[in-house]
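Shown next, in structure tokens, is the structure this report addresses.
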Amino acid sequence: MGASSPLAARMRPRNLDEWVGQGHIIGKDTLLGRAIRADKLTSIVFHGPPGTGKTTLATVISAATQGIFTQINATTAGVKDIQRAVEEASAALSLYGRRTILFVDEIHRFNKAQQDALLPHVENGIVILIGATTENPYFEVNKALVSRSMLFELYPLTKENIITLMKRALSDKERGLGLMEIEAHENALDFLADKANGDARAALNALELAALTTTPSEGGKLVIDLDIASSCIQKRSLFYDRNGDNHYDTISAFIKSMRGSDPDAAVYYLARMLYAGEDPRFIARRVVICASEDVGNADPHALMVAMAAAQAVQFIGMPESQIILSQAVTYIACAPKSNAAVVAIGEALKDVEKIHIKTIPPHLKDPGIGYKYAHAYPGHYVPQEYLPQELSDKIYYRPTENGVEKKMGEALKKLRPNRRY
């Protein structure tokens, strides 16, 4: 790495011993840590916010293994690039017995043709795929690739992690700023680490900017104090940390406000996230979940409103999407609430796991001998056992007294008077 490269690029760890943070996935006793050290890798997808080390970890893995490392970027690579990489990997495997690690940055940007071109070679082991993405791979990456890969989430680095990296950069005379006589105040480093929001790249770039733009004292020393540090990094994080603790606190407050039927609070947290640059698609997904989880059948239209909003956000984009989201959020906040559907599926899943069912009732099988066709009876209903014999007395869905669900409960009680709801 040349001296003209940014400090963050120069200070990338070269091996696992230089690594800082992400101990939950690359510690000595973790699955990935053991796989790297034993050189027994399978295909992997790393996902997490910028500056957490996805690309760096891929290069560290390449240095720790005997595989050939090839890198492509999904934003610029085409099918021919993939085919060329696969051909080279196949030749290396057949001629030298060496497997190829194919690192695909921004893997979520691959289109269907590119993913289809890569998939069979991942399946047959010609390449070991390492993908990196800032998006949720369950939503943004081909399901077939995800199912054939191990997923590891990288978290924003802690403030302590980032301070460690900055101090290392200040003392490193080979790759860092160690040849410059720099005195960095502790409160300045603390400020940069705090405002970097878990992004090591942002902190190191700000530190380098401070070092390069600070006038030396009469003794030739560069002093980086709090004032200088605060002028070298953006301050939007004062309001909202998209990738750190404040992100999770804000989305939690947002959901709880909708659940608690407070449209004013819900809109405030919506505005806070949008102002900070949160992805409106992420917000829309949370709104859809809330519509089903917290409103449910008390107002079935809530899910329809939320899904329409999610689709509209994809179609319209910002800034107009803020209006669409506001409409959906206020509707769900004001809607009657029920979590009966959540409780029902939770209890049913427990029984699926714990209770052995010998057979589905014979009259419900295909063909169903003795099955009574409901539409052939008055009121389109006929008493009939639908649950397996082992669960004949079970009640999973208990409608609440709220909204539409109250009428649903009343109807069920009339149809099934012997059941205790």
Side-chain angles (χ1 to χ4, degrees), residues 8-9 11-74 85 89 92-93 97-110 115 118-119 121-162 164-165 168 198-201 243-245 248:
M11 290 303 300
R12 280 180 172 169
R14 294 163 292 188
N15 51 57
L16 288 177
D17 292 334
E18 293 181 352
W19 191 268
V20 175
Q22 311 302 343
H24 65 290
I25 62 171
I26 59 170
K28 290 184 179 180
D29 296 326
T30 62
L31 174 62
L32 182 58
R34 295 196 305 271
I36 294 172
R37 291 175 176 85
D39 198 5
K40 299 294 183 182
L41 286 176
T42 58
S43 291
I44 296 167
V45 174
F46 293 128
H47 64 105
T52 51
K54 299 181 294 297
T55 302
T56 303
L57 184 52
T59 59
V60 167
I61 289 173
S62 72
T65 66
Q66 298 300 313
I68 298 170
F69 187 77
T70 301
Q71 179 174 350
I72 59 177
N73 192 300
L93 186 61
R98 296 183 66 189
R99 300 184 70 184
T100 295
I101 297 172
L102 178 60
F103 175 61
V104 183
D105 203 6
E106 304 287 344
I107 192 171
H108 63 278
R109 295 187 180 273
F110 264 168
Q115 294 177 6
L118 179 60
L119 181 60
H121 308 294
V122 173
E123 288 182 321
N124 61 26
I126 296 296
V127 296
I128 299 172
L129 171 68
I130 298 182
T133 174
T134 55
E135 304 293 332
N136 186 328
Y138 290 107
F139 291 107
E140 304 296 342
V141 179
N142 180 289
K143 291 182 179 179
L145 283 177
V146 168
S147 69
R148 288 159 179 79
S149 306
M150 298 181 67
L151 270 60
F152 294 98
E153 181 178 5
L154 277 70
Y155 300 145
L157 297 179
T158 66
K159 183 188 292 187
E160 292 72 21
N161 291 154
I162 294 177
T164 297
L165 292 171
R168 180 182 293 176
D199 186 337
R201 185 188 299 113
N243 300 311
D245 291 341
Y248 298 107

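Closest approach of Ala89 to Val127, counting heavy atoms only: CB-CG1, 3.6 Å. Taking each heavy atom of Gly125 and Arg99 in turn, the nearest pair found is O-NH2, 3.3 Å. Across Thr52 and Tyr155, no two heavy atoms sit closer than the pair CG2-O, 3.2 Å. The two residues Leu165 and Ala200 have their closest heavy-atom pair at CD1-CB, 3.7 Å. Summarising the geometry of Ala58 relative to Ile130, their closest heavy-atom pair is CB-CG2, 4.1 Å, with the distance given to 0.1 Å. Gly23 and Thr30 get closest at one heavy-atom pair: O-CG2, 3.5 Å.
Between the His47 side chain and the Tyr138 main chain, no donor and acceptor come within less than 3.5 Å of each other. Panel note: side chain Lys54, backbone Pro49; a donor-acceptor pair is recorded below 3.5 Å. Under a 3.5 Å cut-off, the side chain of Arg12 and the backbone N or O of Thr59 do not form any donor-acceptor pair. Side-chain atoms of Arg37 come within 3.5 Å of backbone atoms of Gly33 as a donor-acceptor pair (strictly under, hydrogens ignored). Proximity of a side-chain donor or acceptor of Arg34 to a complementary backbone N or O of Asp29 within less than 3.5 Å is detected.
Remark: of the listed residues Thr158, Asn161, Leu157, Asn161 is the sole one forming a side-chain contact (heavy atoms from CB on, under 4.5 Å) with Val20.
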### Query
Taking it one step at a time, do Glu153 and Ile25 satisfy side-chain contact (heavy atoms from CB on, under 4.5 Å)?
CA-CA 8 Å; Glu153 181 178 5; Ile25 62 171; over 6 Å; no
### Query
Given Ser43 and Arg148, is the side-chain hydrogen bond (donor to acceptor under 3.5 Å, both in side chains) satisfied, shown in steps?
CA-CA 7 Å; Ser43 291; Arg148 288 159 179 79; over 6 Å; no
### Query
Could you walk me through whether Val146 and Val45 pass the side-chain contact (heavy atoms from CB on, under 4.5 Å) check?
CA-CA 8 Å; Val146 168; Val45 174; 5.5 Å; no
### Task
With side-chain contact (heavy atoms from CB on, under 4.5 Å) as the test, would you mind laying out the steps for Thr133 and Ile107 before giving the verdict?
CA-CA 6 Å; Thr133 174; Ile107 192 171; 4.1 Å; yes
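Taking 4.5 Å as the limit, some side-chain heavy atom of Leu118 sits within range of a side-chain heavy atom of Leu102. Using a 4.5 Å cut-off on side-chain heavy atoms (C-beta onward), Glu123 and His121 make no contact. Side chains of Leu57 and Trp19 form a contact here, defined as non-hydrogen atoms less than 4.5 Å apart. Residues Ile72 and Phe110 have side chains in contact (heavy-atom distance under 4.5 Å, counting atoms from C-beta outward). Within the 4.5 Å cutoff, side-chain heavy atoms of Thr55 are placed close to those of Asp105. When side chains are defined from C-beta on, Leu32 counts as touching Leu41, because their heavy atoms get closer than 4.5 Å.
Ile61 contributes atom CD1, which lies 10.0 Å from atom CD1 of Ile128 (distance to the nearest 0.5 angstrom). To the nearest 0.5 angstrom, Phe69 atom CZ is 11.0 Å from Thr100 atom OG1. Taking CD1 of Ile26 as the reference point, atom CG of Leu31 lies at 13.0 Å (rounded to 0.5 Å).
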